[in-house]
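Taking it in order: structure first as structure tokens, then the write-up.
Proteins get letters first, then strands, A, B, ... in listed order; numbering begins at 1 in each.
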There are 2 protein chains.
Amino acid sequence: MPSLIAARLAARLGRLTASRRVVVAAVARQRGHFTAEALAAGLPIVGRATVYRTLKLLTEAGVLCRVLMEDGSLHYRLSGPGHHHHLVCVACGTIQDFSGCDVNGMVAQLAKGKAFTVEGHWLEVYGRCGGCGGGAS
Amino acid sequence: MPSLIAARLAARLGRLTASRRVVVAAVARQRGHFTAEALAAGLPIVGRATVYRTLKLLTEAGVLCRVLMEDGSLHYRLSGPGHHHHLVCVACGTIQDFSGCDVNGMVAQLAKGKAFTVEGHWLEVYGRCGGCGGGAS
DNA sequence: TCTCAATTGATACTTTGTGTCAAGACGGTC
DNA sequence: GACCGTCTTGACACAAAGTATCAATTGAGA
């Protein structure tokens, strides 16, 4: 996985510096999601500003995606390929991807009467995963 | 409108103090959306903490709703009744409500195979309103 | 190896929001 | 109208999260 990220990075970004390697390696080690601040705190040898800059680059490169948690805080996680959304478990905090949504189509229908052209959307779904009491209903 | 807000507030909250009246009046004067910080800056006679507290109360009372802008910043706006979402124009920043979504239903279908119980969702739609080139497609 | 532009790290700063606490205001009761 | 207990306020400090700046350093191509 790290090498895949590095390849994607190298294809999109400029220099693959030591600091960026450190950040990329740390990102690749993450299981689930993390905040920029937590990642920066775990990498004292890399400047905080550099961690933020690199996360931004990784997000723009499609390596990471941002997740809006229910409390309003912003997390990062390794991005699955293509357009997708997140199922956020409010009990344990785990996040699953899901794709195949037709929100744009649905919204475009609803927006027709409002003279509004849909260009994109942000959808996060909150609930409970199987291990936390979900999936039994 | 302000009297309606006051009525909703009085029904839900405790004291309707002078400070709260000022904040409620300022909120009622807003056209479109605003940030907590901007509102606080426009009300120097009311303490910043009080503005934040009152906005929180208004949100909990259903008078205001939060809107996630495309740049990640959080805005407030007067809330329409019931469950609804926002069409955010990325050109001029105007926000329209829309309701009648069946996101929960759609997501519940998709989530079935993942043993995930949907409890809620956050959906914001970005695009262009009629005045900014939208609605012509 | 050299050179130059890209990148870094340190730091200060901004923005946005919360916690604390003494002082004051509110509203019910008498 | 006065009193009293509780709620609310405002000021301030603090915290979290992110950005701006800039001199020094580094990477990568020539």
Side-chain angles (χ1 to χ4, degrees), chain A residues 5-27 30 33-61 63-77 93 124, chain B residues 5-27 30 33-61 63-77 93 124:
Chain A
I5 295 174
R8 275 206 256 176
L9 254 185
R12 299 259 205 154
L13 304 178
R15 296 176 183 171
L16 198 54
T17 65
S19 292
R20 287 188 180 172
R21 277 182 229 268
V22 170
V23 175
V24 167
V27 163
Q30 299 296 316
H33 51 100
F34 56 92
T35 63
E37 203 53 37
L39 195 75
L43 297 174
I45 58 169
V46 178
R48 219 164 58 97
T50 301
V51 172
Y52 275 97
R53 278 188 289 243
T54 308
L55 286 180
K56 195 173 183 181
L57 289 171
L58 288 168
T59 304
E60 287 168 0
V63 174
L64 293 178
C65 58
R66 299 162 123 206
V67 184
L68 180 71
M69 304 304 284
E70 208 180 32
D71 65 359
S73 63
L74 203 57
H75 288 223
Y76 289 86
R77 81 177 303 236
E124 305 284 6
Chain B
I5 295 174
R8 273 205 258 175
L9 253 183
R12 299 259 205 154
L13 304 177
R15 297 174 183 174
L16 199 52
T17 64
S19 294
R20 286 187 181 173
R21 275 182 230 268
V22 169
V23 175
V24 167
V27 163
Q30 299 295 317
H33 51 98
F34 56 93
T35 63
E37 202 53 35
L39 195 76
L43 297 174
I45 58 169
V46 179
R48 219 162 58 95
T50 301
V51 173
Y52 275 97
R53 277 188 290 241
T54 307
L55 287 180
K56 196 174 181 181
L57 288 171
L58 288 169
T59 304
E60 285 167 1
V63 175
L64 294 178
C65 59
R66 300 163 123 206
V67 184
L68 180 70
M69 304 303 284
E70 208 180 31
D71 65 358
S73 63
L74 203 56
H75 289 223
Y76 289 84
R77 80 178 302 237
E124 305 283 7

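Side-chain nitrogen and oxygen atoms of A:Thr17 include none within less than 4.0 Å of the OP1 or OP2 phosphate oxygen of C:dA6. Checking the phosphate oxygens (OP1, OP2) of D:dT8, a side-chain nitrogen or oxygen of B:Arg20 falls inside 4.0 Å.
Scanning for side-chain hydrogen bond (donor to acceptor under 3.5 Å, both in side chains) contacts around B:Arg21 gives an empty result, with sequence neighbours left out. In this structure, the side-chain contact (heavy atoms from CB on, under 4.5 Å) partners of A:Ser19, at least two apart in sequence or on a different chain, are A:Thr17, A:Val46, A:Thr50. When the side-chain hydrogen bond (donor to acceptor under 3.5 Å, both in side chains) test is applied to A:His75, the partners found at least two apart in sequence or on another chain are A:His33, A:Ser73.
Atom-to-atom distance recorded for A:Arg20:CZ and A:Leu58:CG is 8.5 Å, nearest 0.5 angstrom.
Each end of the helix from C:dT1-D:dA30 to C:dC30-D:dG1 gets its own axis, taken as the rotation carrying the C1' atoms of four end pairs onto the next four within a five-pair window, and the two axes meet at 30° to the nearest 10 degrees.
Here the P atom of nucleotide C:dT18 and the CG atom of B:Leu57 are 12 Å apart, to the nearest Å. With rounding to whole Å, A:Tyr52 atom OH is found 18 Å from D:dT21 atom C1'. At whole-Å resolution of the value, CG in B:Leu55 and P in C:dT18 are 10 Å apart. Rounded to whole angstrom, the span from the CD atom of B:Glu37 across to the P atom of C:dT18 amounts to 11 Å.
Across B:Val51 and B:Ala36, no two heavy atoms sit closer than the pair CG1-O, 4.1 Å. In terms of heavy-atom proximity, B:Thr35 sits nearest to B:Leu74 at CG2-O, 4.0 Å.
Residue pairs meeting the salt bridge (Lys or Arg N to Asp or Glu O under 4.0 Å) criterion with at least one partner in residues 36-46 of chain B, sequence neighbours excluded, are B:Glu37-B:Arg48.
Distance from the side chain of A:Ser19 is smallest for C:dT8 among the nucleotides C:dT8, C:dT16, D:dA17. Side-chain proximity of A:Lys56 to the nucleotides D:dT19, C:dT8, D:dT9 is greatest for D:dT19.
Nearer to the 5' terminus of DNA chain C, by closest-nucleotide assignment, is the contact made by B:Ala38 (compared with the other of B:Ala18 and B:Ala38).
B:Leu55 has its side chain within reach of B:Phe34: a pair of non-hydrogen atoms, C-beta onward, lies under 4.5 Å apart.
One cannot find a donor-acceptor pair under 3.5 Å joining the base of D:dG18 and the side-chain atoms of A:Arg53.
Of the residues in residues 39-51 of chain B, those with a non-hydrogen atom less than 4.0 angstrom from any atom of DNA chain C are B:Arg48, B:Ala49.
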Does the pair B:Tyr76 and B:Thr59 meet the rule for a side-chain contact (heavy atoms from CB on, under 4.5 Å), with working shown?
-> CA-CA 9 Å; B:Tyr76 289 84; B:Thr59 304; 3.3 Å; yes

